[in-house]
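Remarks on the structure that follows.
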Amino acid sequence: MSFLYPLFLAGITAVGLPIILHMIRRHTRKRVTFSSLMFLRTTLPRFKNRSRLENLPLLALRCASLILLAFGFSRPFFWRPAPESQAHLGRRIVLLIDTSASMRRAGMWTQAISEARSVLADVSQADRVCVMSFSQSPQTLIGFEEWTELDPSQRASVVSEHISKLSPGWASTDLGRALVAAAEAIEDDEVNDGQESMAVRQVVLIGDMQQGSSFEALSTYEWPEGLELVVKLIRCQDPTNASLQLVTNPPDSIGGRLAGPDGNDLTGIRITNSPDATREFFSLNWAESLTSGGADVYVPAGHSIVVRIPTPKDRLAGGKLILTGDDHDFDNALYLAPHLQQHVNILYIGSDDANDSGGMLYYVRRAFGATRAFNPRVISHPAGESLADTAIATAHLIIVAADGIQQAPLISLRQYLESGGTVLLVMKSADAATTVAGLAGIETIESEEADVDRYAMLGQIELKHPLLACFREPRFGDFTQIHFWKYRRLNIANLPGASVLAWFDSGDPEGGGRNDPAWFESRVGKGTLLVLTSGWHPSDSQLALSSKFVPLLYSILEYGGVLSEQPLQYFVGDHVSVPHSVRLESANFKVRKPDDSLISLDAGQQSFTQTDLPGIYAIESSAGAARPAPSGVEGSEFAINLPVKESQTAVMQIEDLERLGVSLENLKTEDRGQKTAIRPLSSVLRPLSSVLRPPSSVGRTGLEYEQKVWRWVFIALLAVSLIEIWLAGKKGGPQRTQSSQR
Amino acid sequence: MAARTGASNLVSTSSKAEGLIDPVSLMRLRSMELRAKVIVEGFCKGIHRSPYHGFSVEFTEYRQYTSGDDPRYIDWRVYARSDRFYIKKFEDETNLRCHLLIDHSRSMGYGSAGYSKSQYGGTLAATLAYFLFTQGDAVGLATFDDRIRQYLPPRNRPGYLRRLMLALEACPEGTATDLGPPLQQIAGMLTKRGLIVLISDLLTSIDRLERDLGYLCAGGHDVVVFNVLDMAELNFDFSSPALFQDIETGRNMYVDPSEAQTPYKRMLDKHLAKTKSVCQNLGIDYHLFATDRPFDLALFDFLQHRMRRRKRVRYIPTGRDSRRTV
């Protein structure tokens, strides 16, 4: 019989305690109640001879309880030698190497490479090995199949060569994803290999096990039974690491910058110091001006503070902040760039006066106001004049509020629609039907001025349509307050691909009459033609005066893909949305990365994904010359910073992985988190037991886990305890006398 | 040494008390009032032959009215009979107001003779109360442990003795003996001078005892202390080692009587001597009672104390005849 934690057997020595107590107890059984002990002094008990021990059965039961307790905690198991058939089988190992940004700390990568090579040196020919690197996502360097195909004598050198090419990147650490990928690789290999299962399956993890690691992926994954995780912890000698983070922008600031009392802009920066830091004084400066304009900051270990640093006038467009004073500089730079404010051109084709509250343009101008992320510009163009193609091409939304459009502009609008644009056509009269027909690509469409009895209302609204999704909630979906005095009846039966969004309540229910469409859309090429059969100006309806008007216009912009939610900060690995104006001609643009490499954008590319370096990225034209402001985009630069969690470099509690079901093996005590958590006794004693175990003790844990002898031991303990309680009760409690002794 | 001798003499008193009522037999009577009656009547039969015949603790005086006296005190019944104005003087002052203070701490519940110190002390108090009540004196009662548990003011009304007896039959429920707060409180309550009889085992530290008894003496009261102790407490004649548990604190102590008896008795004698010394210094009449001592002797001691007091002259500031005996 062997023991998993044999040190617990030392607890058997505690049986001396009940023996001593039984020797003393004879003197203390009789109790005498006395009025006051103020004149008494205690007398030292005299022990009886060993041969005169009383209540031997009780003593035996109590000793047995203690022995069983120590026995159970030592986790006994019966040694079962491995079958000979498995003796020749090798191990199946996945070597995971952390290449996240935190591995850039001084000396850590060298340690990691050295550790990886030592692991590979222990690999035998029968072993199957897969080498993976990971940061935000895992990457396979050498798969199991490749390993097998390699000449056994060359395996070590080939893999070592692959590893030597590795270098830590700038991405964050997704440990959970990497562990899941490693476990799946082993399971897939077992299936693909088709051979019998190998005795040992291991994931060898070489990394710094930083607190900023993410392992949420493990919570949705059941760790395979028998798969052990071996952690080769890479430690850093210098623990102090402070990091920078741009403070989330208050509503009245622009780009994280506040106005100071003297009128200078202040940039809010959060500085966080690591919990195990030994230094607490840091200096924050703008790059290239390290001697002036900075701030000295005191940040206690494990705390963070926000400092407001004055922004030089020449750096309002962006800049780089440098933190000095800590041991590691991989996360000491914070790049700032002005937020990409999106310019949206809205082309209004109509003859309305912008200051006439009876017209429609008056309301359009007031509906689109500038915000921090969005700067709409309403361009009015008289209907009768010729329309330049560039005006149409640069427009994000075209509102047509004219009765008749000339042929040439009509063709341009049609092309705009086919290329994916959005046109909102408002029928101010029945004559606008020709424009509808021209844009929809049909010859004619029947239209007439509707005969409205006092007013019409929207009777049926397709709130499930994405365009009207913002009104889906009952408190927003009440359109009964909007009266329509006039509208145009349009026969859309011949209109291909038309779908009605809202109907007027004009039909005669008794006569089975059909309601007239109020709003409908028609797909033209890649674009969308939206038609309102009644205007929003006061002579037609109350729409412009209602609370539904502005949301409706913005919803049209979103429906056309013009507006999109932009995050305020980007980090390494994030996908940066390509500005809409650039997206339309994205093939003509390139992105210059901080290392001056140029990445071409594909046609219609929605987002830029190669954000693998921290720094300032610039969108440039394909011609090569830097264009600081591509058309429609005020700022052509965006900043990519190191993920904040990557700066949390203190060593995590490795027991957290055990809580998620990961089976840890061969973990040194000093490799576990030591400072914050109270470690279970078993985890403390485990390395000691591992010292005592024989060298070929692979699977001791598994054997003990299978046999679970400790359960039977504790059942026996329970039985012995019950018998002891019964026997002690039978013997009776201590005698209590007052004067009978006398 | 004197204290030790006193304690030793006390132990042997039961053997000398021939012709007196055995406390063990007396305690078999369940009624406290009956016990008191037996003791007092038996005692009174004896005093016909005693040299202390005619002793009384109170009297009433009449004085002829003179100009300047308060007419409220004129006794109109005397005027009706004699057609003279007489003042019923000192009727209230001359009545003895006796307070019986009974310690009901848990240590008083200890007893090795079949009855506890509390029962013995209660009977003692009942005896005194009965005796004083039959003389027309006002008797009050206060039971206490670390605070006053019940208080009956001094009265001499029909049926009041019965109330006193019922109150004395209550079992001790207190915990620690702390004379300070209750005695201080009682001293504050007593506005008129009187006789205070304290019945307690006085198992408390001497320093605190001196301070606590001082509260009573400060009020000018005539104080008598009956220190009641059990025979087991006085002799500590236990036979075998045992775990001794303090009845008040619950503290356990392993004690071998063969080793502990001598130092115990030495410390007890020292304590009793100091207690007696403290009482003498304060002018308190101190009596140590073992629980096997006949109650007749207690009554005798009490009356002997009164006799000694009788010879003293007390100055009473009010009234014409300011010098009188009590």
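In the text below, chain A, chain B and the rest are named by the order of the sequence lines, each starting its count at 1. Owing to the predicted nature of the structure, the values given are computational and were not obtained by experimental measurement.
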Practice problem: Please indicate whether A:Y705 has more than 12 foreign heavy atoms, meaning atoms of other residues, nucleotides or ligands, lying under 6.0 Å from its OH. | Solution: no
Quiz item: Do B:L203 and A:S35 touch side chain to side chain, with heavy atoms closer than 4.5 Å?
Solution: yes
Quiz item: Among B:M253, B:H271, B:Q261, who wins on heavy-atom pairs under 4.5 Å with chain A?
Solution: B:M253
Quiz item: Does any non-hydrogen side-chain atom of A:T33 lie less than 4.5 Å from one of B:Y110?
Solution: no
Quiz prompt | Residues forming a ring pair (Phe, Tyr, Trp, His ring centres under 6.0 Å) with B:F226, sequence neighbours excluded | solution = B:H287, B:F289
Quiz item: What residue pairs, at least two apart or across chains, pass salt bridge (Lys or Arg N to Asp or Glu O under 4.0 Å) with a residue in residues 111-123 of chain B?
Solution: B:K117-B:D201, B:K117-B:E233
Quiz item: Hey, are the side chains of B:M267 and A:M38 touching, using non-hydrogen atoms and a 4.5 Å cut-off?
Solution: no
Practice problem: Give a yes or no on whether A:F39 atom CZ has more than 12 heavy-atom contacts from other residues, nucleotides or ligands under 6.0 Å away. | Solution: yes
Quiz prompt | Side-chain heavy atoms of A:L37 within contact of B:R251, under 4.5 Å | solution = yes
Practice problem: Ignoring hydrogens and angles, tell me if any N or O in the side chain of B:D246 forms a donor-acceptor pair with the backbone of A:S36 under 3.5 Å. | Solution: no
Quiz item: Are A:F34 and B:F238 close enough that their ring centers fall under 6.0 Å?
Solution: yes
